Amino acid sequence: MGLYYDEPLELVGASGARVTDSRGRTYLDFFGGILVTMVGHDLPAVREAVTEQLARGVVHTSTLYLLRSQVELAEKIARLSRIPDAKVFFTTSGTEANEAALLLAMSHRRSNQVLALRNSYHGRSFATVGVTGNRSWSASSFSPLQTTYLQGGYRFRSSFRGLDDDAYVAACVADLRELLDVAVTGDVACLIAEPVQGVGGFAVPPPRLLAAYKEVLDETGTLFVSDEVQTAWGRTGRSFFGIEASGVVPDVLTFAKGLGAGFPIGGVVARADVMDGLQAKGISTFGGNPVATAAANAVLDHVLDHDLQGNADRLGRLLLSGLRSASADLAMVGEVRGVGLMVGVELVGPDGYAPDPAAAAAVLEATKARGLLVGGGGLHGNVLRVAPPLTLTEAEAQEGLALLVDALREVDAARPASRAS
């Protein structure tokens, strides 16, 4: 397993948007355990809910027994998903949620053929690796699935780069139709897609792309699975689930990450006919356990009661505009992109295009030295991922922005060549 930084951090304390390492140094946390601590660290409402559940002594029963907090959470999520006649199944992670979604889709359509997007990431299990369009995360070429990869939201290195939104969508749809003619046989189970590609470097598709794909899929009844592991709960600012911004109601939706504020929980929401179509027994030993669902209910209520989606939209715009303005004269910044509190900074070589993962590693070290933690990602490991908690304040946003810009300028100035050369 890889660790960040030349001298990896051991985090021993945390509160709000800040964490403290074993040497007593405090950092502003703009990555949140890979977008997990989305309501900040040690939120009182979550701590109280978990403490109350622990005090009851029931920390585990499995889904073979009724769990009131699980039922209440499922009802909230089903309503928020907008999926008609929705049912919810809880898991312990996003990988497991996507695995379950693929199983449901393949059973419903009686097909192991799946469409996925290039530059995507859906998990580390056998089936989810098989639909991940990023070879650096694929441990094996073996797969139980036959996967065909479509153009996605990562336009910086796309073969359709340079097209405007309408032309890009038209080209992608034409490509989809061609692939359906030449690369698949018979029914296709589903398209699985992230509304914003997370590990892929916070790549945002044109607004109409996923809706245009679904229009084609609807012609044959192919299911649409929205992987919301990183984009749910208002993080994108523009909608509560990322797919809503495309005007699409998916057939299946998966979630995990920030819902539990660090307690492991994930799940899949699907139409009842899809969920009920699985001809096998189904339980989950740890999925939706009493402690995790107590935390998740508190998190979801806090997000809704405090309009954290609106906060993500407002402060995301601040970070995006600030980074774009500051990067205009930085040769190594090829693109600043994102939506809400999902901001990606793609770093490039002197030619303005070649990926520069060394620069990204240098910026991670430079931000750490300044007391700011951000993440890395992208197809080539050359993208900075900025994902603060949804509880971020404007003062914290301005502080983090200044630290990141200062780090970018330091690394850019230290490079021997510039884009102009």
Side-chain angles (χ1 to χ4, degrees), residues 77-88 94 97-98 100-102 104-105 108-109 114-122 131 133 148-155 165-166 168-177 179-180 187-198 200 202-257 267-275 309 312-313 338-340 342:
I77 293 172
R79 173 176 55 82
L80 291 164
S81 76
R82 303 180 304 133
I83 296 174
D85 196 20
K87 291 192 174 185
V88 180
N98 284 333
L102 292 168
L104 290 172
H108 183 76
R109 295 282 290 166
V114 173
L115 304 174
L117 302 186
R118 301 172 195 181
N119 195 50
S120 60
Y121 176 84
H122 298 289
V131 294
T148 301
Y149 292 98
L150 314 181
Q151 292 279 347
Y154 182 45
R155 300 167 69 178
D165 282 0
D166 290 342
Y168 183 86
V169 171
C172 290
V173 169
D175 184 58
L176 166 59
R177 290 193 178 279
L179 289 171
L180 292 176
D187 291 338
V188 176
C190 67
L191 165 64
I192 183 168
E194 303 159 276
V196 177
Q197 292 183 327
F202 292 165
V204 185
R208 275 280 304 152
L209 179 62
L210 297 181
Y213 277 166
K214 190 170 189 307
E215 289 172 5
V216 176
L217 302 180
D218 285 346
E219 296 172 8
T220 58
T222 300
L223 300 179
F224 188 104
V225 178
S226 184
D227 177 348
E228 301 275 354
V229 170
Q230 295 198 29
T231 52
W233 324 121
R235 177 164 286 280
T236 66
R238 58 190 182 182
S239 57
F240 194 71
F241 290 105
I243 195 62
E244 293 176 38
S246 299
V248 168
V249 177
D251 303 291
V252 183
L253 179 153
T254 62
F255 59 86
K257 294 274 186 201
V268 55
V269 192
R271 296 187 338 234
D273 62 313
V274 175
M275 188 74 83
Q309 177 185 329
D313 182 49
V339 61
M342 299 181 78

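For clarity, every value in this text was computed on a predicted model and none was experimentally measured.
- Heavy-atom minimum distance, Arg235 versus Ala312: O-CB, 3.7 Å.
- A donor-acceptor pair under 3.5 Å links the side-chain atoms of Asn119 to the main chain of Gly200, judged by distance alone.
- Looking only at distances, no side-chain donor or acceptor of Glu194 sits under 3.5 Å from a matching main-chain atom of Ser120.
- Here Met342 contributes atom CE and Phe202 contributes atom CZ; the two are 4.5 Å apart, rounded to the nearest 0.5 Å.
- For the pair Leu210/Phe224, a side-chain contact is recorded, criterion being any heavy-atom separation below 4.5 Å from C-beta on.
- Looking only at side-chain heavy atoms (C-beta outward), Leu115 and Tyr213 stay at 4.5 Å or farther from each other.
- The side-chain contact (heavy atoms from CB on, under 4.5 Å) with Leu176 is formed by just one residue from the set Thr148, Leu150, Leu191; it is Leu150.
- Once rounded to the nearest 0.5 Å, the distance linking CZ of Arg208 with SG of Cys172 reads 12.5 Å.
- Under the 3.5 Å distance criterion, the side-chain polar atoms of Asp227 are left unmatched by any main-chain donor or acceptor of His122.
- Rounding to the nearest 0.5 Å places CG of Leu104 at 11.5 Å from NZ of Lys87.
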Stepwise, does the side-chain contact (heavy atoms from CB on, under 4.5 Å) test hold for Val114 with Ile192? CA-CA 8 Å; Val114 173; Ile192 183 168; 4.2 Å; yes
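- Scanning both residues, Arg155 and Pro206, for their nearest heavy atoms gives NH1-CG, 3.4 Å.
- For the salt bridge (Lys or Arg N to Asp or Glu O under 4.0 Å) test, residues two or more places apart in sequence or in another chain that qualify with Arg271 are Asp251, Asp273.
- To the nearest 0.5 angstrom, Phe255 atom CZ is 5.0 Å from Trp233 atom CH2.
- Gln151 and Tyr168 make their closest contact through OE1-OH, 4.0 Å (heavy atoms, listed as atom of the first residue, atom of the second, distance).
- Judged by distance alone, the side chain of Gln230 and the main-chain N or O of Lys257 form no donor-acceptor pair under 3.5 Å.
- Counting all heavy atoms, side chain and backbone alike, Ile83 lies closest to Ala270 at CG2-C, 4.1 Å.
- Summarising the geometry, atom CD belonging to Glu228 is positioned 12.0 Å from atom CD1 belonging to Ile77; distances are rounded to the nearest 0.5 Å.
- Annotation: side chain of Val252 is in contact with side chain of Val268 (closest heavy-atom distance under 4.5 Å).
- Between Arg238 and Ala245, the closest heavy-atom pair is NE-CB, 3.3 Å.
- Arg82 places a side-chain N or O within donor-acceptor distance of the main-chain N or O of Val248, the cut-off being under 3.5 Å.
- Taking all atoms of both residues into account, the shortest heavy-atom contact from Gly267 to Ala97 is O-CB, 3.2 Å.
- Using a 4.5 Å heavy-atom cutoff, the side chains of Thr254 and Val229 are in contact.
- Leu217 CG to Leu180 CG: the interatomic distance, rounded to the nearest 0.5 Å, is 7.5 Å.
- Side-chain N or O atoms of Gln197 include one that pairs as donor or acceptor with a backbone N or O of Arg118 at under 3.5 Å.
- When atom types are taken as modelled, the side chain of Ser246 and the backbone of Ala211 share no donor-acceptor pair closer than 3.5 angstrom.
- The closest side-chain heavy-atom distance from His108 to Cys190 is not below 4.5 Å.
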